[in-house]
Amino acid sequence: MTGSPGDDQNPMTPTGAGNGPAVSRRQFDALFEAVRTWGRWDPADRGAWNRVTPGHVQRATARVRSGTVVPLGLPWNTRSAPDNRGPALHHMTDLGDVEAPEPSVHKDFIAVDYHGKGVTHLDALCHIAYRGQLYGGRTAREAIDASGAHHGAVTALGPLVTKGVLLDLPAVRGSAWLEPGQAVHAEDIAAAEEALGVRIGDADAVLLRSGRFRRRAELGAWDADAASAGLHVDAVPLLAGRGIALLGGDGDSDVRPSPVEGVHSPVHTLALAAMGVPLLDNLDLEALSAATAEAGRYEFLLVVAALNIPGGTGSPVNPVAVL
């Protein structure tokens with residue numbers, strides 16, 4: 001994607017600093033069309049998960065060597081913080097004193113508004129519409145109502161078992177973390193592949209580690225909606241060209257602030273609404289970073305299973321990597 005006469009700058013020329021370069025709405029729309037996969041799969045509302053065949057699953061399971069299992073979900077977060085404005089709920093409903101004496105029974109209640117920065121979750125294709133349309137061209141107003149989504153719901157996806165690739169950017173750069181607002185560009189992905197000895201391929205799940213939760217542990221919480229490390233839109237054509245099935249990270253994949261005028265979550269828009277690629281947000285990748293470094297390999301079996309929520313726009317999840 002290149003600039004044209006009248007543009008201030010070519011938005012696909014990395015500056016190497018901050019969340020830029022800036023991208024105009026016209027340029028973003030051209031990129032949306034370039035990576036769009038509408039009409040490619042049936043069923044359409046599984047999107048890029050249709051890429052994953054039994055052969056991909058077999059090849060992914062063959063990568064397991066040590067049998068080390070690494071969960072990637074955050075703890076259920078019931079504490080308010082700048083990056084957890086809608087804390088999850090958890091309270092006991094039976095302390096062994098409600099039913100007959102023997103055996104004693106203990107029960108609890110949970111609830112969560114999971115789309116945000118405090119809960120590890122999967123975004124289904126219905127989560128994002130652009131110009132009023134969901135992935136595949138369905139009109140959002142017709143496909144989604146108060147009862148939920150009737151196209152692109154999380155139940156259409158089913159479980160995913162495929163090869164995962166960790167792009168551990170702090171490890172590549174020799175730093176503890178990427179600073180909030182730092183954009184990751186296409187050439188950063190290529191450099192990470194070379195440094196880590198991996199190559200993103202067809203039907204892969206790509207996980208981007210920025211070191212967010214290490215920074216949070218050491219320096220405290222901040223408003224991740226206002227500033228977070230993540231992908232610049234110039235990285236998306238590379239991922240689209242490789243045919244990925246899933247994208248995730250310890251943020252929400254988008255660099256923030258957004259570099260695209262008038263679009264607050266451009267990577268979400270391109271992945272979900274254009275490419276049909278579901279997203280994993282707020283993964284805890286610290287243990288996986290340590291495990292992959294110890295193993296000396298950054299590819300693994302990844303298993304993602306969402307809750308069975310008819311009409312759901314996504315689901316809290318606890319994905320598992322197996323090395």
Side-chain angles (χ1 to χ4, degrees), residues 1-4 7 10-13 21-53 56 122-144 149-154 156-157 160 162 183-186 189-190 200-206 208 230-249 252-255 258-281 313-314:
M1 180 176 178
T2 59
S4 60
D7 291 333
N10 178 354
M12 294 305 157
T13 302
V23 178
S24 73
R25 186 66 169 271
R26 179 179 61 79
Q27 292 164 325
F28 178 77
D29 285 348
L31 179 56
F32 186 96
E33 294 303 317
V35 301
R36 189 164 62 96
T37 61
W38 294 6
R40 181 172 299 184
W41 295 295
D42 183 23
D45 51 2
R46 292 193 77 240
W49 280 20
N50 283 292
R51 295 185 192 274
V52 182
T53 67
H56 289 107
L122 175 69
D123 289 340
L125 301 190
C126 63
H127 177 50
I128 292 289
Y130 185 58
R131 298 175 300 203
Q133 293 181 303
L134 301 172
Y135 178 75
R138 292 286 298 274
T139 302
R141 288 186 178 274
E142 296 176 350
I144 302 174
H150 308 289
H151 173 78
V154 71
L157 295 175
L160 179 74
T162 194
V184 175
H185 299 276
I189 293 177
I200 299 165
D202 182 57
D204 284 355
V206 178
L208 175 70
L231 294 171
H232 189 277
V233 294
D234 68 8
V236 174
L238 183 154
L239 299 173
R242 301 289 184 85
I244 67 170
L246 176 67
L247 178 63
D252 66 1
S253 295
D254 271 286
V255 66
S258 167
V260 181
E261 61 178 83
V263 182
H264 62 78
S265 300
V267 173
H268 269 64
T269 303
L270 294 174
L272 292 167
M275 297 162 57
V277 173
L279 298 176
L280 284 175
D281 293 349
T313 62

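A side-chain donor-acceptor contact under 3.5 Å links Trp38 to the backbone of Ala273. Between the side chain of Arg242 and the backbone N or O of Ile200 there is at least one donor-acceptor pair closer than 3.5 Å. With hydrogens and angles ignored, the 3.5 Å screen pairs no side-chain donor or acceptor of Arg25 with any backbone N or O of Val260. Side-chain atoms of Trp49 come within 3.5 Å of backbone N or O of Ala245 as a donor-acceptor pair. Distance alone, capped at 3.5 Å, is enough to place a donor-acceptor pair between the Ser24 side chain and the Gln27 backbone. The main-chain N or O of Val263 is found under 3.5 Å from a side-chain atom of Ser258 such that the two form a donor-acceptor pair.
Nearest heavy atoms, Val35 versus Pro237: CG1-CA, 4.4 Å. Nearest heavy-atom pair, Gly276 versus Thr37, reported as atom, atom and distance to 0.1 Å: N-OG1, 4.4 Å. Shown here for Pro266 and Pro259, the closest heavy-atom pair between the two residues is CG-CD, 4.4 Å.
Side-chain contact between Asp123 and Pro278 is absent, with no heavy atoms from C-beta onward closer than 4.5 Å. Residues Leu272 and Leu279 form a side-chain contact, since some pair of their non-hydrogen atoms from C-beta on lies under 4.5 Å apart. Two residues are said to be in side-chain contact when any heavy atoms from C-beta on lie closer than 4.5 Å; Leu246 and Val206 fail this criterion. Side-chain contact between Arg51 and Arg40: present, with at least one pair of heavy atoms (C-beta onward) separated by less than 4.5 Å.
Listed by chain and residue number, His56 satisfy the side-chain contact (heavy atoms from CB on, under 4.5 Å) test with Thr53 (two or more places apart in sequence, or in another chain). For the side-chain contact (heavy atoms from CB on, under 4.5 Å) test, residues two or more places apart in sequence or in another chain that qualify with Ile144 are Cys126, Leu134, Ala149. For Arg131, the side-chain contact (heavy atoms from CB on, under 4.5 Å) partners two or more places apart in sequence, or in a different chain, are Asp29, Phe32, Glu33. Checked against side-chain contact (heavy atoms from CB on, under 4.5 Å), Asp45 has the following partners two or more places apart in sequence or in another chain: Pro43, His151, Ala156.
Summarising the geometry, atom CG belonging to Leu122 is positioned 9.0 Å from atom CG belonging to Leu160; distances are rounded to the nearest 0.5 Å. To the nearest 0.5 Å, atoms CG (Asp202) and CD1 (Ile244) are separated by 10.5 Å. Between the CG atom in Leu270 and the CZ atom in Arg36 there is a gap of 12.5 Å [rounded to 0.5 Å].
Aromatic rings of Tyr130 and Tyr135 (six-membered ring for Trp) have centroids beyond the 6.0 Å cut-off, not under it.
Listed by first and then second residue, the salt bridge (charged side-chain N to carboxylate O under 4.0 Å, His left out) pairs involving residues 271-281 amount to none (not counting sequence neighbours). Every pair tested for salt bridge (charged side-chain N to carboxylate O under 4.0 Å, His left out) that includes a residue from residues 132-143 fails, sequence neighbours excluded, so the list is empty.
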For side-chain contact (heavy atoms from CB on, under 4.5 Å), just list the numbers for Val184 and Val255, CA-CA rounded to whole Å, side-chain angles, deciding distance to a tenth of an Å, and then say yes or no.
-> CA-CA 8 Å; Val184 175; Val255 66; over 6 Å; no

Worked check of side-chain contact (heavy atoms from CB on, under 4.5 Å) between Leu231 and Leu247: CA-CA 11 Å; Leu231 294 171; Leu247 178 63; 3.9 Å; yes

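His268 and Asp252 share no side-chain donor-acceptor pair at under 3.5 Å.
Classified by interplanar angle (parallel below 30°, tilted 30° to 60°, perpendicular above 60°), the ring pair His185/His232 is tilted.
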